[in-house]
Amino acid sequence: MTTPSSIADLAALLDQARRHGRAIPQLTLTNDLSLDAAYQVQGAGIDLRIASGERIVGSKLGLTSKAKALQMGVSDVIIGVLTDAMHIDDGAVIDLGSGVHPRIEPEVAFRLGRDIDPAQPPANLRDAVDAVAPALEIIDSRYRDFKFSLADVIADNTSGSAFVVGQWISLAGGRGLVLADRHVEMSMDGLVVESGSTTDILGDPWQALDDAVRMAGRYGLRLAAGDVLLAGAATAAVTFSPGTTASATVEGLGRVSISAAAGAGNA
Ligand code: OOG
Ligand code: MG
(Lines give C-alpha, C1' and ligand atoms only; values in the text may rest on other atoms or scores of the structure.)
(Ligands and ions follow the chains in the order given, each with its own letter.)
Protein backbone atom coordinates (compact mmCIF):
# COMPACT_ATOMS: atom_id res chain seq x y z
CA MET A 1 0.00 0.00 0.00
CA THR A 2 1.24 3.48 -0.75
CA THR A 3 0.68 6.45 1.53
CA PRO A 4 -1.86 9.17 0.58
CA SER A 5 0.92 11.60 -0.34
CA SER A 6 2.54 9.17 -2.72
CA ILE A 7 -0.84 8.59 -4.34
CA ALA A 8 -0.93 12.30 -5.21
CA ASP A 9 2.67 12.07 -6.48
CA LEU A 10 1.92 9.07 -8.67
CA ALA A 11 -1.16 10.80 -10.10
CA ALA A 12 0.93 13.90 -10.87
CA LEU A 13 3.59 11.76 -12.56
CA LEU A 14 1.01 10.12 -14.84
CA ASP A 15 -0.67 13.45 -15.53
CA GLN A 16 2.60 14.97 -16.67
CA ALA A 17 3.35 11.98 -18.87
CA ARG A 18 -0.07 12.41 -20.47
CA ARG A 19 0.23 16.15 -21.01
CA HIS A 20 3.74 16.00 -22.44
CA GLY A 21 3.36 12.74 -24.35
CA ARG A 22 6.37 11.20 -22.62
CA ALA A 23 6.29 7.58 -21.51
CA ILE A 24 7.25 6.69 -17.93
CA PRO A 25 8.32 3.39 -16.35
CA GLN A 26 5.56 1.27 -14.81
CA LEU A 27 4.66 2.50 -11.32
CA THR A 28 4.65 -1.05 -9.99
CA LEU A 29 8.36 -1.45 -10.75
CA THR A 30 9.04 0.81 -7.75
CA ASN A 31 5.73 0.88 -5.85
CA ASP A 32 3.72 -1.80 -4.14
CA LEU A 33 0.36 -0.75 -5.56
CA SER A 34 -2.81 -2.62 -4.57
CA LEU A 35 -5.81 -2.41 -6.89
CA ASP A 36 -7.55 -0.16 -4.36
CA ALA A 37 -4.54 2.16 -4.27
CA ALA A 38 -4.41 2.10 -8.09
CA TYR A 39 -8.02 3.33 -8.24
CA GLN A 40 -7.09 6.06 -5.77
CA VAL A 41 -4.29 7.17 -8.11
CA GLN A 42 -6.78 7.14 -10.99
CA GLY A 43 -9.22 9.25 -8.95
CA ALA A 44 -6.50 11.71 -7.99
CA GLY A 45 -5.57 12.01 -11.67
CA ILE A 46 -9.18 12.75 -12.60
CA ASP A 47 -9.28 15.39 -9.85
CA LEU A 48 -6.28 17.07 -11.51
CA ARG A 49 -8.15 17.13 -14.82
CA ILE A 50 -11.26 18.56 -13.16
CA ALA A 51 -9.10 21.21 -11.46
CA SER A 52 -7.88 22.19 -14.93
CA GLY A 53 -11.46 22.66 -16.14
CA GLU A 54 -12.52 19.26 -17.49
CA ARG A 55 -15.88 17.67 -16.76
CA ILE A 56 -16.70 13.99 -16.25
CA VAL A 57 -18.98 12.73 -19.04
CA GLY A 58 -18.94 8.99 -18.48
CA SER A 59 -16.95 5.88 -17.85
CA LYS A 60 -15.37 2.99 -19.72
CA LEU A 61 -14.83 -0.66 -19.08
CA GLY A 62 -11.62 -2.27 -20.24
CA LEU A 63 -10.23 -5.73 -20.88
CA THR A 64 -13.72 -7.07 -21.46
CA SER A 65 -12.57 -8.97 -24.55
CA LYS A 66 -10.36 -12.05 -24.43
CA ALA A 67 -8.39 -10.73 -27.42
CA LYS A 68 -7.63 -7.53 -25.52
CA ALA A 69 -6.78 -9.29 -22.29
CA LEU A 70 -4.40 -11.58 -24.18
CA GLN A 71 -2.90 -8.65 -26.09
CA MET A 72 -2.18 -6.81 -22.85
CA GLY A 73 -1.29 -9.84 -20.73
CA VAL A 74 -3.76 -8.97 -17.97
CA SER A 75 -7.00 -10.67 -17.06
CA ASP A 76 -9.59 -8.70 -15.15
CA VAL A 77 -12.22 -6.16 -16.07
CA ILE A 78 -11.20 -2.60 -15.21
CA ILE A 79 -13.05 0.74 -15.17
CA GLY A 80 -11.94 4.25 -16.04
CA VAL A 81 -13.35 7.75 -16.41
CA LEU A 82 -14.24 9.75 -19.55
CA THR A 83 -14.03 13.55 -19.54
CA ASP A 84 -15.40 16.12 -22.00
CA ALA A 85 -11.86 16.82 -23.25
CA MET A 86 -11.66 13.19 -24.41
CA HIS A 87 -14.85 13.42 -26.49
CA ILE A 88 -14.31 13.77 -30.25
CA ASP A 89 -17.11 14.25 -32.79
CA ASP A 90 -17.87 11.48 -35.26
CA GLY A 91 -15.89 12.11 -38.46
CA ALA A 92 -13.63 14.73 -36.88
CA VAL A 93 -9.89 15.09 -37.34
CA ILE A 94 -7.77 14.92 -34.21
CA ASP A 95 -4.20 15.88 -33.56
CA LEU A 96 -2.27 12.98 -32.09
CA GLY A 97 0.67 15.29 -31.49
CA SER A 98 0.75 14.94 -27.73
CA GLY A 99 0.09 11.21 -27.74
CA VAL A 100 2.71 8.71 -26.58
CA HIS A 101 1.78 5.73 -28.77
CA PRO A 102 -1.94 5.91 -29.54
CA ARG A 103 -3.97 2.87 -30.53
CA ILE A 104 -7.59 2.58 -31.57
CA GLU A 105 -10.25 -0.05 -30.95
CA PRO A 106 -13.92 -0.63 -31.84
CA GLU A 107 -16.49 -0.46 -29.05
CA VAL A 108 -20.18 -0.33 -28.21
CA ALA A 109 -21.37 2.74 -26.26
CA PHE A 110 -24.37 3.08 -23.96
CA ARG A 111 -25.99 6.36 -22.93
CA LEU A 112 -27.60 6.49 -19.50
CA GLY A 113 -31.09 7.94 -19.35
CA ARG A 114 -31.02 8.31 -15.58
CA ASP A 115 -28.66 8.27 -12.61
CA ILE A 116 -27.76 4.83 -11.31
CA ASP A 117 -27.03 4.48 -7.62
CA PRO A 118 -24.79 1.40 -7.48
CA ALA A 119 -26.03 0.75 -3.93
CA GLN A 120 -29.63 0.66 -5.17
CA PRO A 121 -29.63 -0.14 -8.87
CA PRO A 122 -32.95 -0.41 -10.73
CA ALA A 123 -34.37 -3.95 -10.87
CA ASN A 124 -33.82 -3.98 -14.62
CA LEU A 125 -30.57 -2.14 -15.29
CA ARG A 126 -31.37 -1.90 -18.98
CA ASP A 127 -34.16 0.52 -18.10
CA ALA A 128 -31.46 3.03 -17.20
CA VAL A 129 -29.99 3.00 -20.73
CA ASP A 130 -31.70 5.23 -23.28
CA ALA A 131 -29.50 4.70 -26.35
CA VAL A 132 -26.69 2.62 -27.85
CA ALA A 133 -24.17 3.46 -30.58
CA PRO A 134 -21.07 2.13 -32.29
CA ALA A 135 -17.91 3.79 -30.94
CA LEU A 136 -14.16 4.00 -31.31
CA GLU A 137 -11.82 4.44 -28.38
CA ILE A 138 -8.30 5.83 -28.66
CA ILE A 139 -6.18 4.37 -25.92
CA ASP A 140 -2.68 5.58 -25.14
CA SER A 141 -0.72 4.04 -22.32
CA ARG A 142 1.50 6.45 -20.48
CA TYR A 143 3.88 3.54 -19.83
CA ARG A 144 6.90 2.63 -21.91
CA ASP A 145 6.24 0.10 -24.65
CA PHE A 146 2.51 0.03 -23.74
CA LYS A 147 3.41 -2.52 -21.04
CA PHE A 148 1.76 -2.59 -17.62
CA SER A 149 0.31 -4.66 -14.81
CA LEU A 150 -3.34 -4.45 -13.83
CA ALA A 151 -2.61 -1.91 -11.07
CA ASP A 152 -0.50 0.19 -13.48
CA VAL A 153 -3.22 0.44 -16.12
CA ILE A 154 -5.92 1.21 -13.54
CA ALA A 155 -3.80 4.06 -12.14
CA ASP A 156 -3.35 5.31 -15.72
CA ASN A 157 -7.13 5.73 -16.12
CA THR A 158 -7.22 2.45 -18.09
CA SER A 159 -5.18 4.03 -20.92
CA GLY A 160 -8.10 6.34 -21.73
CA SER A 161 -7.22 9.02 -24.27
CA ALA A 162 -10.19 9.88 -26.50
CA PHE A 163 -13.48 8.45 -27.75
CA VAL A 164 -15.86 8.92 -30.66
CA VAL A 165 -19.48 7.86 -30.65
CA GLY A 166 -21.54 7.23 -33.81
CA GLN A 167 -25.19 8.06 -34.15
CA TRP A 168 -27.19 7.12 -31.05
CA ILE A 169 -29.96 4.57 -31.55
CA SER A 170 -32.79 5.31 -29.17
CA LEU A 171 -33.97 2.38 -27.07
CA ALA A 172 -37.32 4.01 -26.32
CA GLY A 173 -39.88 1.23 -26.54
CA GLY A 174 -37.27 -1.31 -27.62
CA ARG A 175 -35.20 -2.12 -24.60
CA GLY A 176 -35.04 -5.77 -25.55
CA LEU A 177 -32.53 -4.84 -28.28
CA VAL A 178 -30.20 -7.79 -28.79
CA LEU A 179 -26.58 -6.65 -28.75
CA ALA A 180 -24.76 -9.99 -28.72
CA ASP A 181 -23.59 -11.72 -31.86
CA ARG A 182 -23.25 -8.63 -34.05
CA HIS A 183 -20.32 -8.50 -36.43
CA VAL A 184 -17.74 -5.81 -35.68
CA GLU A 185 -15.19 -4.50 -38.16
CA MET A 186 -12.51 -1.86 -37.81
CA SER A 187 -10.87 -0.40 -40.92
CA MET A 188 -7.86 1.78 -41.48
CA ASP A 189 -8.10 3.94 -44.63
CA GLY A 190 -10.83 1.61 -45.85
CA LEU A 191 -8.95 -1.66 -45.31
CA VAL A 192 -10.28 -4.03 -42.66
CA VAL A 193 -7.64 -4.44 -39.94
CA GLU A 194 -9.64 -6.14 -37.18
CA SER A 195 -12.90 -8.04 -37.09
CA GLY A 196 -14.82 -9.77 -34.37
CA SER A 197 -18.18 -9.92 -32.72
CA THR A 198 -19.96 -8.06 -29.95
CA THR A 199 -20.08 -11.44 -28.23
CA ASP A 200 -16.39 -10.86 -27.58
CA ILE A 201 -17.44 -8.12 -25.14
CA LEU A 202 -18.09 -10.23 -22.03
CA GLY A 203 -20.28 -12.62 -24.00
CA ASP A 204 -22.83 -9.80 -24.45
CA PRO A 205 -22.26 -6.01 -24.28
CA TRP A 206 -25.24 -5.72 -21.93
CA GLN A 207 -23.13 -7.60 -19.39
CA ALA A 208 -20.84 -4.54 -19.33
CA LEU A 209 -23.64 -2.61 -17.68
CA ASP A 210 -23.80 -5.03 -14.75
CA ASP A 211 -20.02 -4.98 -14.41
CA ALA A 212 -19.88 -1.17 -14.62
CA VAL A 213 -22.43 -0.83 -11.81
CA ARG A 214 -20.52 -3.32 -9.65
CA MET A 215 -17.16 -1.65 -10.29
CA ALA A 216 -18.51 1.91 -9.99
CA GLY A 217 -19.99 1.03 -6.62
CA ARG A 218 -16.81 -0.57 -5.42
CA TYR A 219 -14.48 2.21 -6.52
CA GLY A 220 -16.72 5.25 -6.17
CA LEU A 221 -17.21 6.21 -9.84
CA ARG A 222 -20.42 7.94 -10.84
CA LEU A 223 -23.05 6.71 -13.30
CA ALA A 224 -25.20 9.74 -14.08
CA ALA A 225 -28.01 10.58 -16.51
CA GLY A 226 -26.52 11.54 -19.87
CA ASP A 227 -23.24 9.74 -19.18
CA VAL A 228 -21.60 7.60 -21.85
CA LEU A 229 -20.47 4.11 -20.91
CA LEU A 230 -18.01 2.40 -23.23
CA ALA A 231 -18.61 -1.33 -22.92
CA GLY A 232 -15.08 -2.34 -23.94
CA ALA A 233 -13.29 -3.25 -27.14
CA ALA A 234 -14.56 -6.07 -29.31
CA THR A 235 -11.13 -6.73 -30.89
CA ALA A 236 -7.48 -6.07 -30.22
CA ALA A 237 -6.38 -2.43 -30.61
CA VAL A 238 -4.23 -1.25 -33.52
CA THR A 239 -1.73 1.59 -33.82
CA PHE A 240 -3.37 4.87 -34.83
CA SER A 241 -0.93 6.83 -36.98
CA PRO A 242 -1.00 10.45 -38.15
CA GLY A 243 -2.61 10.87 -41.56
CA THR A 244 -4.88 7.82 -41.31
CA THR A 245 -8.63 7.43 -40.96
CA ALA A 246 -10.09 4.74 -38.73
CA SER A 247 -13.67 3.56 -38.92
CA ALA A 248 -15.72 0.91 -37.17
CA THR A 249 -19.00 -0.74 -37.99
CA VAL A 250 -21.15 -2.72 -35.62
CA GLU A 251 -23.72 -4.81 -37.48
CA GLY A 252 -27.13 -3.17 -37.23
CA LEU A 253 -25.82 -0.21 -35.22
CA GLY A 254 -24.00 1.73 -37.91
CA ARG A 255 -20.60 3.24 -38.48
CA VAL A 256 -18.29 5.71 -36.76
CA SER A 257 -15.03 7.23 -37.92
CA ILE A 258 -12.17 9.49 -36.95
CA SER A 259 -9.10 10.81 -38.72
CA ALA A 260 -5.69 11.60 -37.31
CA ALA A 261 -4.16 14.80 -38.64
CA ALA A 262 -1.09 14.30 -40.80
CA GLY A 263 2.33 15.39 -39.77
CA ALA A 264 2.29 14.99 -35.99
CA GLY A 265 5.29 13.05 -34.78
CA ASN A 266 4.75 10.32 -32.21
CA ALA A 267 7.21 8.45 -30.06
C1 OOG B 1 -6.22 -0.94 -21.44
C2 OOG B 1 -7.56 -0.38 -21.86
C3 OOG B 1 -8.47 -1.47 -22.34
C4 OOG B 1 -10.62 -2.02 -23.55
O5 OOG B 1 -11.59 -1.64 -24.20
O6 OOG B 1 -10.36 -3.21 -23.37
C7 OOG B 1 -9.71 -0.99 -22.97
C8 OOG B 1 -5.28 -1.08 -22.60
O9 OOG B 1 -5.44 -2.00 -23.40
O10 OOG B 1 -4.35 -0.28 -22.70
O11 OOG B 1 -10.02 0.17 -23.08
MG1 MG C 1 -11.50 0.40 -24.66
Side-chain angles (χ1 to χ4, degrees), residues 60-78 80 82 86-94 96 99 101-111 129 131-141 146-147 153 158-169 171 177-209 211-212 228-260 266:
K60 53 159 286 191
L61 280 191
L63 308 177
T64 52
S65 109
K66 285 209 184 71
K68 282 282 313 186
L70 275 178
Q71 181 184 31
M72 305 324 300
V74 286
S75 58
D76 220 355
V77 172
I78 54 180
L82 302 174
M86 298 162 73
H87 178 253
I88 313 289
D89 287 336
D90 188 10
V93 179
I94 66 159
L96 298 176
H101 32 212
R103 296 179 178 177
I104 192 159
E105 55 190 23
E107 304 235 356
V108 170
F110 293 111
R111 189 178 65 201
V129 172
V132 296
L136 282 163
E137 183 183 16
I138 298 171
I139 54 171
D140 189 15
S141 177
F146 228 110
K147 291 221 171 72
V153 68
T158 67
S159 306
S161 180
F163 69 100
V164 198
V165 178
Q167 202 162 355
W168 290 109
I169 296 163
L171 294 180
L177 191 67
V178 172
L179 292 179
D181 206 18
R182 292 175 183 264
H183 186 67
V184 176
E185 246 172 38
M186 181 165 67
S187 299
M188 219 35 105
D189 293 331
L191 291 177
V192 176
V193 287
E194 287 287 339
S195 63
S197 160
T198 52
T199 302
D200 296 330
I201 304 169
L202 295 169
D204 182 339
W206 281 115
Q207 179 60 40
L209 192 60
D211 282 18
V228 173
L229 169 64
L230 295 181
T235 72
V238 304
T239 299
F240 194 28
S241 306
T244 61
T245 295
S247 64
T249 54
V250 180
E251 185 185 354
L253 297 189
R255 180 175 182 278
V256 55
S257 76
I258 182 166
S259 299
N266 288 284

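The structure displayed is predicted, hence computed values, not measured ones.
- The shortest distance between side-chain heavy atoms of Val228 and Phe163 falls below 4.5 Å.
- Looking at every heavy atom in both residues, Val164 comes nearest to Asp90 through CG1-CA, 3.5 Å.
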Point to revise | Full working for side chain to side chain contact (heavy atoms under 4.5 Å, CB included) between Phe240 and Ile258 | key: CA-CA 10 Å; Phe240 194 28; Ile258 182 166; 4.0 Å; yes

Exercise for review: Dump the intermediate steps for side chain to side chain contact (heavy atoms under 4.5 Å, CB included) on Asp204 and Leu179, then the final yes or no.
Suggested key: CA-CA 7 Å; Asp204 182 339; Leu179 292 179; 4.2 Å; yes

Exercise for review: Test side chain to side chain contact (heavy atoms under 4.5 Å, CB included) on Val153 and Ser159 and set out the steps.
Suggested key: CA-CA 6 Å; Val153 68; Ser159 306; 3.5 Å; yes

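- Counting heavy atoms from C-beta on, the side chains of Ser197 and His183 never come closer than 4.5 Å.
- Between the CE atom of Met186 and the OG1 atom of Thr235 there is a distance of 4.5 Å, given to the nearest 0.5 Å.
- Listed for the Gln71 side chain is a donor-acceptor partner under 3.5 Å among the backbone atoms of Ala237.
- Contact record, Ile94 with Ile88: CG2-CG2, 3.2 Å, taken as the closest heavy-atom pair.
- Considering all non-hydrogen atoms of both residues, Thr198 and Pro205 come closest at O-CD, 3.5 Å.
- A donor-acceptor contact shorter than 3.5 Å is absent between the side chain of Thr199 and the backbone of Ala180.
- Atom CD of Gln167 sits in a sparse spot, with 12 or fewer heavy atoms from other residues, nucleotides or ligands closer than 6.0 Å.
- Of all heavy-atom pairs between Ala233 and Ser65, the closest is O-CB, 3.1 Å.
- Here the straight-line distance linking atom CG of Leu230 with atom CG of Leu82 works out to 5.0 Å at 0.5 Å rounding.
- A donor atom on one side chain and an acceptor atom on the other are not found under 3.5 Å apart for Ser257 and Ser247.
- The CE atom of Met188 sits 7.0 Å away from the OG atom of Ser241 when rounded to the nearest 0.5 Å.
- Here the side chain of Thr245 pairs no donor or acceptor atom with the backbone of Asp189 at under 3.5 angstrom.
- Taken to the nearest 0.5 Å, the CD1 atom of Ile78 stands 4.0 Å off from the CG atom of Leu63.
- Side-chain contact between Glu105 and Ile139 is present, with heavy atoms from C-beta onward closer than 4.5 Å.
- Closest approach of Val129 and Phe110 over heavy atoms only: CG1-CD2, 3.7 Å.
- Among all heavy-atom pairs drawn from Glu107 and Val250, the shortest one is O-CG2, 4.1 Å.
- When each of Leu253, Thr249, Ile201 is checked for a side-chain contact (heavy atoms from CB on, under 4.5 Å) with Arg182, only Leu253 meets the rule.
- From Thr158, atom OG1 reaches atom NZ of Lys60 across 3.0 Å, with rounding to the nearest 0.5 Å.
- Here OG of Ser161 is found 5.0 Å from CG of Asp140. Values are rounded to the nearest 0.5 Å.
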